[in-house]
Amino acid sequence: MSFGKGCHLHLIDGSAFIFRAFHALPPLTRKSDGLPIGAVAGFCNMIFKMVEDNKGPDAPTHVAVVFDKGSHTFRNDMYDQYKANRDEMPEELRPQMPLTREATRAFNIACVEKEGFEADDIIATLSVQAREAGGRVTIISSDKDLMQLVGGGVEMFDAMKNKRIDSDGVREKFGVGPERVVDVQALAGDSVDNVPGAPGIGIKTAALLINEYGDLESLLDRAEEIKQPKRRQTLIDHRAQIELSKRLVQLDDAMLLDFTLADLEVKEPEAEALLTFLNEMEFRTLTKRVADNLGVEAPAIADTNPAGANPNEAADAPVNLPFVPEDYECVRDADALKTWIAKAHACGWVAVDTETTSLNEMRAELVGISLSVEPGQACYIPLGHKDGVDDLFGSAAHADGQMPMDDALALLKPLLEDPAVIKIGQNMKYDAKIFARNGVSVAPIDDTMLMSYALNAGLHGHGMDTLSERYLEHTPIPIKSLLGTGKSAITFDRVPVDDAVKYAAEDADITLRLWKLFKPQLHQKRVTTVYETLERPLVPVLAKMEMTGIKVDRDTLSRMSNAFAQKMAGLEAEIHELAGQSFNVGSPKQLGEILFDKMELPGGKKGKTGAYATGADVLEDLASEGHNLPARVLDWRQLSKLKSTYTDALQDHINPDTGRVHTSYIQSGANTGRLASTDPNLQNIPVRSEEGRRIREAFVADEGKVILSLDYSQIELRILAHVAGIESLKQAFREGQDIHALTASEMFDVPLDQMTPDIRRQAKAINFGVIYGISGFGLARNLRIPRKEAQGFIDRYFERFPGIKEYMDDTVAFAKEHGYVQTLFGRKINTPEIGAKGPQAGFAKRAAINAPIQGTAADVIRRAMIRMPEAIEGLPAKMLLQVHDELLFEVDADGVDKTIDAVREIMENASMPAVKLDVPLTVDAGQGANWAEAH
DNA sequence: CCTGTCACG
DNA sequence: GACGTACGTGACAGGG
């Protein structure tokens, strides 16, 4: 049937359907193979509903589902920033895209897309064709970009709100008729699509202007006439940008299409084709409903994996199944291994755990691998176990009954790298690094430790033992029972294979059970996005940084150690002299007795253990009263710290194979979302004292390279200004002012040009105090001023910045109501102590105030790090370290400038597009032969 | 193994 | 009115 008068065309915005279905539904997977299928399921349900709902007298005669195709369109040629702030398509959604096309065809509905065009353009073209042919059109979408098409028989239908949108509806939304919608959009811009528009002008103002001047062109030509000076200047200054915006929002309604409206005629679905498709997708309910509707028998769902369990069906998650170590299998040959690999392929997931000779990931040797695909069933593949007693050289014979490691890895590699099979681990970064060192790059992954962290940060730890006891009510076999402790501890390769099977397979079993438990909880607790955008993608980034390591010059450290030792010996002699006796300067107990019992100095206070307090603050007070001994002890302590923790200890961390130091980041260590660094901790290398800072000279660039450091300037204060909505602070950051000086000026009524360093210093302390949940006591101690005075400062601060007080009170109230606080990116930090009575209450409050600020800053740099590999791809640069607000790189000397540009771009825009901050984030860069020069 | 101390953001 | 307080970490040494 050709299309003409009396015909009614339905155009369905397919891409919008898909995204809505994807985000509205939990991450369903196909039971037989684990293929993610949630968006397809939602899409099919929506299509089916559309078909059912439109069978009345107003039924469409023609229908098409229209999709976007390709990420690059003609609009990107006009403006390279178009839609540039869109996030990557989620990993789980990608494989579902072609299936939605198949689904459309299965419903016997025309499926329309064209490379280089957006669905909106096709919808525009078809709408115009239909209107010219004298027919009616209903566009099923709520996308405001399509509102320009309404009128002359074209209407929209918002399937979410079940609401038709006609010209009046458009006028309601845009304040102008459909024919002027593009003019309003051109002025207002669109942050979702990154259309710039005119800065400072939103829909309201835009409509006002267009209504006054008739259309955009007249408005721009007569811009001089606008009364408001700011508005006038904006329009004059940004004319080109506004005109570009109009071209971006204007839909192409004259595309060349290789089909006609007649081809879109409504057809009855063919029962067999449709049911076959739905059956293949394993949509039980929908298959049945469609079959009923078509009046045919529903085909039986082919269950290719009757034993497999869908993690999304709670009843199928047998977390309470008993643990039976005897059921675990020891895999000793290729055939047995192939059976397990086939099982993993069949269900689409596999829990993996590695056993090694050491906890040092860069030195650990692989000893065995365990796998599990189903609760209660797991295997262990021994590969590097030794047998018998050591010979003279401390080595023993390779144990029998193990398949060659290379053979096992060759068989496992395709599975571990298969994009269709999710590899599940508890702290997968560890296993991924072990595999990487054996030539296998494990992907895609899930990590139960990180799931627990996203779900329950602040409630408990996230180690396997904790999680198993808490959620599975099962205490895993302690590793100590196999390895022993202390000097007599053995390495895992010396554990008898039979014992290893029970221990190692159990770990994989536990991991799988936890995964089945946590996966649906991520959605229920609304932390899927946190897990998928801030946790999971960071794993390979950290793994790579850790494996790269940073070059540390042993001679520099060694020379410093010697110098420190000499100075310490001198100080020690002096201290003993002053004390009139010899004692252990490093013992707080002995020192306390010398100071307060023997010398009878004032201020001796005993703590809960009965020992005198001898902290730096105590010693400083004594020193300021002219006592020499405590002053010398302070000097000695500083050197002792530098020597033992840094110049001595760091040397032991230099990897003999790489000559570099490889820290390990703990992703779930800090409740706020910050990383922690261990073995060694490279996030607390000295910088505040001149003597300490020199330790950074030992962190060097390789020959021909440069160390590059980029750090966020005042990121936490900027975030505070944003979340508390303090206009004066936001303005100051926008204008690049000295924020501490400004605070001081506001508080103490001192003009900026008369600011003294001391007043500024006090304001700075207050600014930091605010971030920490300020208290009079804390500020007093920090500034060494009377407590009353400190409280006076705070009162005045809150007077001048009432928004800050409001933010703090609101945050505490939120924590009390919900039991958690949140970062701007949705990370939840639980605050179980917030309702406590007594001294903990104060702690909990301040922690609750601090967590969203510290946590948001942590999220920002995480986002930057996740985007970094792509941003510096092709540049001769490697990311080495993260220190909370700083990233360290090692770059070829001739690539420095380009790297700074690329990294700064990513860091400064890291919050986008998820969060648009009201303040700019700025990044300072430094470079040099070593970390001291670069910082 | 716990406590005190001190290094960082 | 007294009490005890800045937020988040990790490493080391001493001492039981």
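First the proteins, then the strands, lettered A, B, ... as listed; each starts at 1.
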If we ignore angles and hydrogens, is there a donor and acceptor under 3.5 Å between the side chains of A:Gln566 and A:Asn562? no

Are A:Arg637 and B:dC6 close enough that a side-chain N or O sits under 4.0 Å from OP1 or OP2? yes

C1' spacing across the pair C:dG4 / B:dA7, given as an integer number of angstrom: 25 Å

Would you mind reading off the distance between A:Arg694 atom CZ and B:dA7 atom P, rounded to a whole angstrom? 17 Å

Along DNA chain C (nearest heavy atom to each residue), the more 5'-positioned of A:Gly776 and A:Gln854: A:Gly776

Aromatic ring proximity, centroids under 6.0 angstrom, A:Phe748 and A:Phe793: yes

Taking any heavy-atom pair under 4.0 Å as a contact, classify A:Leu675: base, sugar-phosphate, or nothing. nothing

May I ask you to say what A:Ala649 touches in the nucleic acid, namely base, sugar-phosphate or nothing, with a heavy-atom cut-off under 4.0 Å? sugar-phosphate

When both hydrogen-bonding distances must be under 3.5 Å and the geometry is Watson-Crick or G-U wobble, what is C:dA2 paired with, if anything? none

For DNA chain C, which nucleotides open and close the run of contacts to chain A, 5' to 3', at under 4.0 angstrom from a non-hydrogen atom? C:dG4 to C:dG15

Would A:Thr466 and A:His462 count as having a side-chain donor-acceptor pair, cut-off 3.5 Å? no

What interatomic distance, in whole Å, is found between P of B:dG4 and the corresponding atom of C:dT5? 12 Å

Return the value, rounded to whole Å, for the distance between atom CD of A:Gln638 and atom C1' of B:dT5. 13 Å

How about A:Arg637 and A:Thr614: does a side-chain donor come under 3.5 Å of a side-chain acceptor? yes

What is the distance from CG of A:Asn684 to C1' of B:dT5, rounded to the nearest Å? 13 Å

Rounding to a whole Å, what distance do you find between A:Gln882:CD and B:dC8:P? 17 Å

Does OP1 or OP2 of B:dG9 have a side-chain N or O of A:Arg688 closer than 4.0 Å? yes

Any base atoms under 4.0 Å from A:Ala848, or only sugar-phosphate, or nothing? Heavy atoms, all strands. nothing

Taking any strand in view, what nucleotide pairs with C:dC12 in a Watson-Crick or G-U wobble way, both distances under 3.5 Å? B:dG4

Contact class for A:Gly842 vs. all strands (heavy atom < 4.0 Å): base, sugar-phosphate, or nothing? nothing

Rounded to the Å, how far apart are A:Tyr665 OH and B:dC8 C1'? 12 Å

Using a 4.0 Å heavy-atom cut-off across all strands, classify A:Arg787 as base, sugar-phosphate, or nothing. base

Would A:Asn628 and A:Arg632 count as having a side-chain donor-acceptor pair, cut-off 3.5 Å? yes

Gap in Å between the two P atoms, one belonging to C:dC3 and one to B:dC6, rounded: 26 Å

Could you pick out which residue, A:Pro680 or A:Gly773, lies toward the 5' side of DNA chain C when each is mapped onto its nearest nucleotide? A:Gly773

A:Leu888 CG - B:dC8 P separation (whole Å): 16 Å

Atom pair distance, as rounded to whole Å: CH2 in A:Trp636 and P in B:dT5: 13 Å

Please confirm whether the shortest side-chain N or O distance from A:Thr614 to OP1 or OP2 of B:dT5 is below 4.0 Å. yes

Find the distance A:Glu690:CD to B:dA7:P and express it as a whole number of Å. 15 Å

If we count only N and O atoms by modelled type, under 3.5 Å, do the side chains of A:Thr823 and A:Thr856 hold a donor and an acceptor together? no

Would you say the side chains of A:Thr556 and A:Glu697 form a donor-acceptor pair under 3.5 Å? no

For the residue pair A:Glu716 and A:Gln854, confirm or rule out a side-chain donor-acceptor distance under 3.5 Å. no

